[in-house]
Each structure stands twice: as C-alpha cells, then as structure tokens.
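These notes concern the structure reproduced below.
Because only heavy atoms are used, hydrogens play no part in the values below, and waters and symmetry mates are left out as well, while side chains stay in. All ligand and atom numbering here is 1-based and tracks the order in the structure. All values derive from a computational prediction rather than experimental measurement.
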Amino acid sequence: MERSECPHCHKQIKWYDNVPLVSYILLRGKCRECKNKISLQYPIVEFVMALLFVFVFFYYSSFATFSLFSIIRDCLVLFVLTFIFVYDTKHLEVSDAVTLGASLLFFIVSLFFGANWFDMTLGALIGAGFFLLQFVISKGKWVGGGDIRIGLLMGILLGWKLTILALWIAYVVGGIFSIILVLMKKKGMKTEVAFGTYLTVATFIAMFWGTQILNWYFRLIF
Ligand SMILES: [Zn+2]
C-alpha cells in the first residue's frame, strides 16, 4: 500500500491529497498532477478499513468487556490482516517484513498486557508447523513460504485452540469460494486465489467468533 506517489506520473502525492477516502472524492479519482485515474482499490480498501474499525468499537461496546487497549490492538491487527489480504490477493505473495514484524510486535505487546506466552508460542508452532510440514513434504509445491509466516502470525494472534479452528475455517472458506469460482466458470482466467487471502479472513472470524464457534461445536458433540 505504497501511497506516496502517483502510479502514472510518479509525482509525490501531497499529504492533503492523501487523506483516506476524502481526497479520492475531492479529486474525483484523478491524480492532481497528471489527471490520470487512480485505482478504485484505494478508496475501497480505505472504506473497508473504516468499517472494520467501527466494527471493533461496536464489538467491544456491545459484546465484550470494553477495553481501550483491546480496541487499539484489534484495529492494528485488522490493519495488518487487511494489508496481507490485499497484497496477497494482488501479488500472490506475502511481504515477509510485514508478517514477521507484526508477529514480533504483537507477541511483545500481548505479553506486556498479560497474554499467555505458552499459548502464543504453541499457537505459533502449530500455525507455522502446519504449513512448514506441507512445504517440506511437497518441496514447496502445495504452500508458499509466505503461508508459513502467516501461520506464525495467526498462532500469536489467536493462541493454539483458535489457530486450529482458523486453519479449519480457512479450508472451508477456500473450498466454498473455489466452488463458486468453478460454477462461475472463472477458473481458467487469472483467478488463482492465494491461500493467505483465506487465512486472513479465517483469522478475522476466529478472533471475534472463534470462542463461540468452539463452545457451540463442543456442546454439539458432548
Ligand atoms: Zn499522476
């Protein structure tokens, strides 16, 4: 999400032309310098981010103990997840600096606020190990190295129980989406979806509804 320059004329975008959503509307989606169209992707992503932030605030006001720290942390997490989602969808790869940096950051911050280090470490081992194993067995054909690092981040964000759930959700969401793509006969086109895209969606679901899903599931079997 490099936003510092215009993709057409490569002129630096002034800070007052770089205000999320507002600038896009004021400039009618065109660069001030060269008047070329700016991709709709930017305002859409900005709009989704805004919705997610409102959602987090709403979630902690209504369904969980209100905590300013949790709100800021979750907004930051969703910012990172959105970045990985967009980047992975567009380029079919993951920025290692982002996944590794975020893993370290959230590990330390969570520790500082009383999270269980063992739970996070076990989650990271399961998340990263799950993809590392596939990577080794298939010699890098089934999964990419980026998935291993997303798995690591998931483990730290979710702890071991929700990590397992999120991996399962990712395959369900991925399966459903693949069927939809096949039904729409779009598979032949460049519609390959990076698995990291599903992992970020699954992490989001597990973060906010994971515990309820697990409770519901175990009530179902026992
Ligand atoms: Zn321009």
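In this structure, the side chain to side chain donor-acceptor pair (under 3.5 Å) partners of Asp96, at least two apart in sequence or on a different chain, are Arg149. Taking the side chain to side chain donor-acceptor pair (under 3.5 Å) definition, one finds that Asp74 meets it with Tyr60, sequence neighbours left out. Under the side chain to side chain donor-acceptor pair (under 3.5 Å) criterion, Ser70 pairs with Ser67, not counting sequence neighbours.
Considering all non-hydrogen atoms of both residues, Ala124 and Ile156 come closest at CB-CG1, 4.1 Å. Among all heavy-atom pairs drawn from Thr211 and Leu162, the shortest one is N-CD2, 3.8 Å.
Across Trp209, Tyr198, Phe85, a single residue satisfies ring pair (Phe, Tyr, Trp, His ring centres under 6.0 Å) together with Phe204, and that is Trp209.
Note on the Zn ion (ligand 1): protein N/O/S atoms under 2.8 Å are Cys6 SG, Cys9 SG, Cys31 SG, Cys34 SG.
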